[in-house]
2 protein chains.
Amino acid sequence: MREALSEWRPRIDEEIARLLPRTLSAGDVAEQFGSPRFEYDEAALTAALTEPVWDLLDRGGKRWRPVLFLLAAEGFGGDPESLLPYAAIPEILHTGTIIVDDVEDGATLRRGEPAVHRKYGTDVALNAGNALYFVPLKVLTDDPGGLPAETRLRAFDMLTHELNRTHLGQGTDIRWHNGERVDMTEAEYLEMCACKTGCLGRIAARLAAIVTEQDEAAEAHVADYAESLSIAFQIADDVLDVEHTLDGDGDFGKAFGNDIREGKRTLMVIHAVQAASEPAAARLREILTADEASDKDVLDAIDILQATDSVEYARERALELAADARSHLDAVAMRDEQADQLAAFTEYVVEREI
Amino acid sequence: MREALSEWRPRIDEEIARLLPRTLSAGDVAEQFGSPRFEYDEAALTAALTEPVWDLLDRGGKRWRPVLFLLAAEGFGGDPESLLPYAAIPEILHTGTIIVDDVEDGATLRRGEPAVHRKYGTDVALNAGNALYFVPLKVLTDDPGGLPAETRLRAFDMLTHELNRTHLGQGTDIRWHNGERVDMTEAEYLEMCACKTGCLGRIAARLAAIVTEQDEAAEAHVADYAESLSIAFQIADDVLDVEHTLDGDGDFGKAFGNDIREGKRTLMVIHAVQAASEPAAARLREILTADEASDKDVLDAIDILQATDSVEYARERALELAADARSHLDAVAMRDEQADQLAAFTEYVVEREI
């Protein structure tokens, strides 16, 4: 699986660069976006679009969604070489969402460097991030796979559906962040993750089913695989934040209790609010909704998470979701080799290797 | 034309409310966005999405793009009653762009009240604005007009193309704003407007041609009509800003020389930089790229615009573009009544009545 990631990565970046060259000539702009009626300012477009986007892409990212797409497409009998242009779609969309999310969250860093909006300005970052919501849809129009009209339409309908749901998840998360409520249900939490994080995984998976013309049942299974995988990834990520804080005992650095300081409603927090004594739940609520949390607040919150076995609970749920993801692979007719590699994703994900 | 605007307005808002009810029940969310795998937090979604959007929609806006769509569709022989759901598409997209643009521009006011991000927070505003980029595409999936697959696909391809170009225009404008350059060509300026402002008009017009299954030539003419109309509108708007400043002689209020203070590269400015003496051009450049402009700076800039007849030049160009818009209506087979009403748009636009 690691091999698949490192093998495909340069090829995926080539596809992204075909759509969004690092430096745009007037000819590039015309080729990608149509001839101008008047005249493009290609230098302004390079500075406004492709420079900030490639700055972020070159910082890293594992490109696991494109590889998930390629493995699933090959598993369904497709030729990954000829379907490679479609692999750029989920990665470009993902890149757009992280640029925009960083503005929404007021983030300072991304992949170890200043967030795009800190480096290029909020205006440039937002416009570039939003452009990435539409640049990849062009692949469907360009139609490198020579797909039937019904299939291209099915892909557009799917993307519309999933990109709408992405914004439901992000909107719910933002409201929770900003509000006083800490008693959301586990079901509400999982739905938020399914929308916010799951939809981009679903896009990669469903696109693989669509471009290889699978039936709806197969598409639904591979979508649910990717969704459960993505939720498991999110929960494991949140668990890691707490574990880093525990490991770093006494090291009250920048990364100390990040999620608790931000008041993030994680599965651990939601579980602890329900499982804790009334005073402990009230204290946790107080810490999460405070404008600022002290180091002592963070330690108190983690004590409450530990007293209620909430970290363990979340870890168990992540493992269940990973198992659920694998069950959807078992339910679908797919070549063994690729099905095994996709199953391996679920283990890497909860071990946070990708 | 005014009658058409006021007659259709409540009907258009009903269509928007069908897609985005003012208050979302769990059933509404499931109906609009699919059943949840777990559970929606519909109260959070109402607060994050529909409240801020309806707050802005209820403040005003003439809904001229939906009416342009309905007139063009009827002109092409379509039934505006049955095509009404599609009229919501350009208005919802437009609403999304103004929410996001206000964040990008750091705007304080919109339609006489605090900009959405000032009232609801940048995170809520951005996510709601971005959601509006995908909510209207759902209409094509829902397919209220029972359109053939090829026609729906043609609409998705068209929207992808135009929404990509919208971000080229906005990106170019942002770069100009932030940079030192004032010597952009008129052709570069007109292209920026064609992309930034023209594409939303083109969407309304092309959608009318597509849902009524016109040929590509007719679609291109009505698109060019809408593009020229939109550019004329933009130029007229910029001229108005200078005229307000001249009319308000001595009243150095908030609206005094807005565009000049912001360093906006308008057609007037671009013309003046070319037509002015070297010292005057240098002075104009200094004012436009300054971090802050004094009242005297604004008056000096306007003196230079007047000395070079740049206001008159821009007004003439707006009239030419309005005439160009009408010529595209003449070139297309369309019912006279609707063609006349669409032609009337071009007059209202340059008189700034819509």
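Proteins come first, then strands; the chains are lettered A, B, ... in the order of their sequence lines, and each starts at number 1.
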Worksheet item: Quick one: are B:Thr141 and A:His161 in side-chain contact, heavy atoms under 4.5 Å?
Response: no
Worksheet item: Given side chains that start at C-beta, do those of B:Tyr133 and A:Phe134 come closer than 4.5 Å, heavy atoms only?
Response: yes
Fill in: Greatest number of heavy atom pairs closer than 4.5 Å to chain B - which of A:Val135, A:Thr122, A:Val100
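Among the listed options, the one with the most contacts to chain B is A:Val135.
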Worksheet entry | Between A:Asp101, A:Leu49, A:Val124, A:Asn130, the one whose heavy-atom pairs under 4.5 Å with chain B are most numerous |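 The candidate making the most pairs under 4.5 Å is A:Asn130.
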Option that, when pairs with chain A are counted at under 4.5 Å, heavy atom only, ranks first among [options]:
options	value
B:Leu45, B:Leu153, B:Val103	B:Leu153
B:Gly121, B:Gly198, B:Ala48, B:Gly169	B:Ala48
B:Leu163, B:Leu137, B:Leu159	B:Leu163
B:Met184, B:Met192, B:Lys138, B:Glu227	B:Glu227

Fill in: Donor-acceptor contact below 3.5 Å, side chain B:Asn127 vs main chain A:His167
yes
Worksheet item: Between B:Asp41 (side chain) and A:Glu188 (backbone), is there a donor-acceptor pair under 3.5 Å?
Response: no
Fill in: Salt bridge flag under 4.0 Å for residues B:Asp157 and A:Arg152
yes
On a heavy-atom basis, which atom in [X] and which in [Y] lie closest, and how many Å separate them?
X	Y	value
A:Ala44	B:Arg175	O-CG, 3.3 Å
A:Arg165	B:Ser35	NH1-O, 4.0 Å
A:Arg37	B:Ser228	NH2-OG, 2.8 Å

Worksheet item: Under 4.5 Å, heavy atom to heavy atom, which residues of residues 19-33 of chain B contact chain A?
Response: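 The stretch touches chain A at B:Val29, B:Phe33.
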Item to complete: Output all residues satisfying salt bridge (charged side-chain N to carboxylate O under 4.0 Å, His left out) with A:Asp123, sequence neighbours left out; order by chain, then residue number.
Response: none
Discussion item. Does A:Phe156 form a side-chain contact (heavy atoms from CB on, under 4.5 Å) with B:Thr160? I'd like the steps, not just the answer.
Written reply: CA-CA 10 Å; A:Phe156 271 122; B:Thr160 297; 3.4 Å; yes
Worksheet item: Which distance, rounded to the nearest 0.5 Å, do you find between the SG of B:Cys193 and the CZ of A:Phe38?
Response: 9.0 Å
Worksheet entry | Segment of B:Thr166 engaging chain A (4.5 angstrom heavy-atom cut-off) |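 Contact with chain A: none, neither part.
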Counting only non-hydrogen atoms closer than 4.5 Å, does [X] touch chain B with its backbone (N, CA, C, O), its side chain (CB onward), both, or neither?
X	result
A:Asn178	side chain
A:Gln170	both
A:Leu126	both

Discussion item. How about CD on B:Glu150, more than 12 heavy atoms from neighbouring residues, nucleotides or ligands closer than 6.0 Å, or not?
Written reply: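 Open: at most 12 neighbouring heavy atoms sit under 6.0 Å from CD of B:Glu150.
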